[in-house]
2 protein chains.
Amino acid sequence: MNSAVTAIRNDAADLTGPAAAGYSARQNDVLETALALLVEGGERALTTAGVARAANCSKESLYKWFGDRDGLLAAMITFQSSKVRGASGADSPATRPAFRASLVGFAEDLLKVLSGDVSLALNRLAIGEARRDAAPLGRLVREHGRRPIEARLSALLEGGRTLGFIAFDDTRETYRTLYGLMVRDMHVRLLLGEAGGDDLAADAGRAIDQFLRLFGVSEEASEPGRQRPGAGNERTG
Amino acid sequence: MNSAVTAIRNDAADLTGPAAAGYSARQNDVLETALALLVEGGERALTTAGVARAANCSKESLYKWFGDRDGLLAAMITFQSSKVRGASGADSPATRPAFRASLVGFAEDLLKVLSGDVSLALNRLAIGEARRDAAPLGRLVREHGRRPIEARLSALLEGGRTLGFIAFDDTRETYRTLYGLMVRDMHVRLLLGEAGGDDLAADAGRAIDQFLRLFGVSEEASEPGRQRPGAGNERTG
DNA sequence: AGCGTACCGTACCGTACGGTTCGGATGTCT
DNA sequence: AGACATCCGAACCGTACGGTACGGTACGCT
């Protein structure tokens, strides 16, 4: 039943009971089976009748709770994101190895989430629905999924900068470069259906190594002649 | 009509006439309007009746030429990729600035193609169709779209290595890191419907600068103590 | 007991799509 | 000219979906 959830084994994932978002327990169950249905068969398998049958509820209730099919899709996204949120990145680590470890841990978490079944299915859904002008589901995914990631990682980066571990000008630019080093083309490849047997931990370590070689400040910091922070960032600042 | 094509203004894009792939001129026209339809309205707008009406052909001809709807989708992918292919990266540049310029040019081309309307629409189509197990369209996109890019860029990288401009062990790993530095999260953001007003040229230059700082070999090469090529790559080799 | 609410299960409706068939028009080859 | 192929336009069919309506049931409240 809830095997779809166990794919994303994030910290707050196990509390399926008490209304994680603004939904009742019964509605949570329905959203859960809807997610499982989506993971298994893609968008085509996510019919209102199918959800009602799999969740042992009536279509009438579906429409009462979620308005219409689009409302159900939106609810699935916010529901899933409400489970993943939270956890790591509380306060900035004080020592240099702790800072690196924090970055590596963040990278591992990110790669794990992005390669999760539910995340991939929801991203496929939002992308498949998107057109050039309007993409309401894509907007939801960005707001609830990617923006909090950027916020937490940006805080981590700026913390490392104030402590002198790294140096950069534009936070957003630096975040996006780090994101590129971590994710590379993995996400799109997985979205396109390629099997992702990558070693996430090794990828995380490599990405952070490369990032620190680009933005890291050498141990004997202070003297400004030695450090070579992210040159060229001011171009987009 | 064919305004959708002009978005990807690649070198071989203007020869719409003589059967670019294995299709007749008439079929090319049909595929062209089908792509325009897809770009405009997404997958839902790509109905067989709609394509027939927009292209002034009969559904009977559609089914005779492409088998069924899936065949039409596949034909659209191969057709589009057959137009983009070719051009840059003939032989490896001999001087260091030429090598860098070649990389920057490649990056600009890649970013331009990836952010093109038709490319985005086809990627959205393939991704929306993909499930965890089977993704025939995704496979087509990878084979016809991403693989040739990797091949050409890999050749460029290895050419630069033999000339001593850069140093690395695993070609594929190095390619993927460069890809990550170039594209970052731009592709997925565009796929999710975010407006992409980025400065592609600036992005290309920054990516290549960062890549060369990671993998470049200093001017006074030879002495092996100075150069610090991509450490950690052997982990995945 | 009586009433209201929430819900399930099913049947139903309108629509839109993929795919097929057919008549007729426009060629092209001999 | 006549035979043949190609193709368009339109009608058609079966199916499957989104959305609605209805009967029946369990539960809580007064």
Side-chain angles (χ1 to χ4, degrees), chain A residues 1 17-19 22-38 40-77 79 121 124-126 128-129 131 134 136-137, chain B residues 1 17 19 22-77 79 121 124-126 128-129 131 134 136-137:
Chain A
M1 283 299 178
Y23 302 107
S24 76
R26 182 79 183 101
Q27 292 167 359
N28 279 16
D29 289 349
V30 172
L31 291 175
E32 205 65 65
T33 63
L35 282 175
L37 231 52
L38 176 69
E40 194 50 39
E43 164 163 19
R44 320 299 294 249
L46 197 73
T47 70
T48 56
V51 172
R53 194 181 328 117
N56 287 329
C57 78
S58 70
K59 291 174 65 174
E60 191 179 16
S61 300
L62 283 185
Y63 285 97
K64 175 177 295 183
W65 294 333
F66 307 109
D68 58 0
R69 187 173 184 269
D70 290 340
L72 173 64
L73 303 184
M76 291 168 63
I77 292 178
F79 171 69
R124 290 200 187 107
L125 178 66
E129 213 90 340
R131 340 223 155 301
L137 292 186
Chain B
M1 282 299 177
Y23 302 108
S24 76
R26 182 79 181 100
Q27 293 167 0
N28 280 16
D29 290 349
V30 172
L31 291 175
E32 205 66 66
T33 63
L35 282 176
L37 230 53
L38 176 68
V39 167
E40 195 50 41
E43 164 162 18
R44 323 297 294 247
L46 198 72
T47 69
T48 56
V51 172
R53 195 182 326 117
N56 286 329
C57 78
S58 71
K59 292 173 66 175
E60 188 181 21
S61 300
L62 284 185
Y63 284 96
K64 175 177 295 186
W65 294 334
F66 307 109
D68 57 1
R69 186 173 187 269
D70 290 340
L72 174 64
L73 303 184
M76 290 167 64
I77 293 178
F79 171 70
R124 290 199 186 108
L125 177 67
E129 212 91 337
R131 344 222 154 303
L137 292 186

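Here the structure is a predicted model, which is why all the values come from computation and not from measurement. A, B, ... follow the sequence lines: proteins, then strands. Residue 1 opens every chain.
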Separation of [Y] [atom2] from [X] [atom1] (nearest 0.5 Å):
X	Y	atom1	atom2	answer
A:Thr33	A:Asn28	OG1	CG	11.0 Å
B:Glu129	B:Arg124	CD	CZ	15.0 Å
B:Gln27	B:Phe66	CD	CZ	5.0 Å
A:Leu125	A:Ile77	CG	CD1	6.0 Å

Atom-pair distance ([atom1] on [X]; [atom2] on [N]), nearest Å:
X	N	atom1	atom2	value
B:Glu43	C:dC17	CD	P	12 Å
B:Asp70	C:dG19	CG	C1'	13 Å
B:Leu62	D:dT6	CG	P	16 Å
B:Arg69	D:dA16	CZ	C1'	14 Å
A:Lys64	D:dG19	NZ	P	17 Å
A:Arg44	D:dA16	CZ	C1'	11 Å
B:Lys59	D:dG14	NZ	C1'	12 Å
A:Phe66	D:dT20	CZ	P	16 Å

Closer than 4.0 Å, any side-chain N/O of [X] to the OP1 or OP2 of [N]?
X	N	result
A:Ser58	C:dG9	no
A:Ser61	C:dC8	yes
B:Arg53	C:dC17	no
B:Arg26	D:dC8	yes

Item to check | Side chain of B:Trp65 - closest among C:dC17, C:dT20, D:dC8 | outcome: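 Closest of the options to the side chain of B:Trp65: D:dC8.
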Checklist entry - Between D:dG18, C:dC7, D:dC8, which nucleotide has the shortest distance from any of its atoms to the side chain of A:Tyr63? => result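 The closest nucleotide is D:dG18.
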Checklist entry - Considering only heavy atoms and no angle criterion, is a donor-acceptor pair shorter than 3.5 Å present between the side chain of A:Glu60 and the base of C:dC7? => result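 There is none.
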Checklist entry - Starting at the 5' end of DNA chain C, which residue's closest nucleotide do you reach first, B:Asp68 or A:Asn56? => result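 Going by which nucleotide is closer to the 5' end, it is A:Asn56.
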Which atom pairs, donor and acceptor, lie under 3.5 Å between side-chain atoms of residues 41-59 of chain A and protein residues at least two apart or in another chain?
| from | atom 1 | to | atom 2 | distance (Å) |
| --- | --- | --- | --- | --- |
| A:Thr47 | OG1 | A:Gly50 | N | 2.9 |
| A:Ser58 | OG | A:Ser61 | N | 3.1 |
| A:Ser58 | OG | A:Ser61 | OG | 3.0 |

